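Worksheet: the structure to be examined is printed underneath.
In this text the structure is predicted, and so the values were computed from the model without any measurement.
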Amino acid sequence: MKSPVHRCRDVEHNRAQAATLAGGNCLQNEQRIPISKDVITSSSASAMWFIRDACGIVCAVITWILVLYAEFVVLFVMLLPSKNLTYNIVNGTLFNILAFLALASHLRAMCTDPGAVPKGNATKEYIESLQLKPGQVVYKCPKCCSIKPDRAHHCSVCKRCIRKMDHHCPWVNNCVGENNQKYFVLFTMYIALISLHSMVMVVFHFLYCFEDDWTKCSSFSPPATVILLILLCFEALLFLIFTSVMFGTQVHSICTDETGIERLKGETGRWAKVPCREAMEVAFGGSFSLSWCSPFTGLSCKKSSQELIAVPQGEIIEQDIIEIPLN
């Protein structure tokens, strides 16, 4: 699910090089205080977040098709032809609940603002409205002309700077960032669970058919049944490995308080890391509870009134680095 590196690269200029070009009045690196992510909030005029990327939309549609294919094989090839009513009800209910939660998590991860920084707010008026302290430094993204808070990176697909961006995932057609990482984690977890569950059911179905007449264990012909089960088993094994690795990687990123792109760019150690428990509570929206496993709790796909703050109008500044004077 993790896209190639070039799809999520940060296109900002090298900060050290830009600082040299800014002139001799610049502060020393150790004196610079980057803007906190809490100072700059997201804003968007649209009612819902959605990336219009052809590759991402195709991958998202493929994801739903694969889940629906698994649903078809599980129900119409394995469960409905079975004569064991208890087995059908238990496994059918469990699989459908997990599949529903997986698709709901996918939809929330795709349609939730990952933490986009307001576009085109790199104006003198906006910087003055932030009321920054002397010694703080402001970074401007040269691509989206936004004031970039600390730990934000520019995504060339979303064409926005994303707070705590981990990577751009084409399978959810969105960046994985500060606001939607929970839903991406749930998506990978539920896909891994339904993959494991379907593999177990395929094994039991093969054993049942070998002991019984193949014409009685499925509504389809024996060759068609075997092909459908093999394809499902291959799909389940592939996505079980894939999503399990992604799930572990995301949980590790949350616990260590560092994103994938930060590790890739060697930016770790520039901020005070929070403990694992606190980082998990921030990512999942509160203390540990069953709501952690629900894709229906947390931030809404629609923008809140606080996020729709009007950006002061003005001319975009030319400098990539602006330092607040000490005087």
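Rounding to the nearest 0.5 angstrom, the gap separating the CD1 atom in I162 from the SG atom in C155 is 6.5 Å. Taken from OG1 in T259 to CG in L264, the straight-line distance is 9.5 Å, to the nearest 0.5 Å.
A donor-acceptor contact shorter than 3.5 Å is absent between the side chain of Y139 and the backbone of D150. Between the N180 side chain and the G177 main chain, a donor and an acceptor come within less than 3.5 Å of each other. Of the possible donor and acceptor atoms, one in the side chain of T297 sits under 3.5 Å from a partner among the backbone N and O of S291.
Summarising the geometry of S287 relative to W292, their closest heavy-atom pair is O-NE1, 3.2 Å, with the distance given to 0.1 Å. Of all the heavy atoms in G56 and D53, the pair that sits closest is N-OD2, 2.9 Å. The minimum heavy-atom distance between A109 and Y183, with the atom names listed, is N-CB, 3.7 Å. S195 and I191 make their closest contact through OG-O, 2.7 Å (heavy atoms, listed as atom of the first residue, atom of the second, distance). For R160 against P118, the heavy-atom pair with the smallest separation is NH2-CA, 4.0 Å. A pairwise comparison of heavy atoms in C141 and K148 identifies CB-CE, 4.0 Å as the closest pair.
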Trace of the side-chain contact (heavy atoms from CB on, under 4.5 Å) decision for C144 with H154 | CA-CA 8 Å; C144 60; H154 185 87; 3.6 Å; yes
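A salt bridge is absent between E178 and K164; no separation between the charged side-chain nitrogens and carboxylate oxygens falls under 4.0 Å. Salt bridge status for D257 with R151: present, with a side-chain N to carboxylate O gap under 4.0 Å.
Looking at H106 and W171, their side chains never bring a donor and an acceptor atom within 3.5 Å of each other.
Hydrophobic clustering, with ILVMFWY side chains joined whenever heavy atoms are under 4.5 angstrom apart, keeps M189 apart from L290. Cluster annotation: Y69 is connected to V77 through the hydrophobic network of ILVMFWY side chains, with a link wherever side-chain heavy atoms come within less than 4.5 Å. In the hydrophobic clustering of this structure, V245 does not group with I254; members are Ile, Leu, Val, Met, Phe, Trp, Tyr whose side-chain heavy atoms approach within less than 4.5 Å, directly or through other members. Under the 4.5 Å side-chain heavy-atom criterion for ILVMFWY residues, a single connected hydrophobic cluster contains both L228 and V200. M280 and F184 fall within the same hydrophobic cluster, defined by Ile, Leu, Val, Met, Phe, Trp and Tyr side-chain heavy atoms under 4.5 Å apart, directly or through other members.
Heavy-atom contacts from other residues, nucleotides or ligands closer than 6.0 Å to CZ of F204 number 12 or fewer. Environment of OH in Y87: crowded, with over 12 heavy atoms of neighbouring residues, nucleotides or ligands closer than 6.0 Å.
Remark: aromatic rings of H252 and F247 are distant, center separation not under 6.0 Å.
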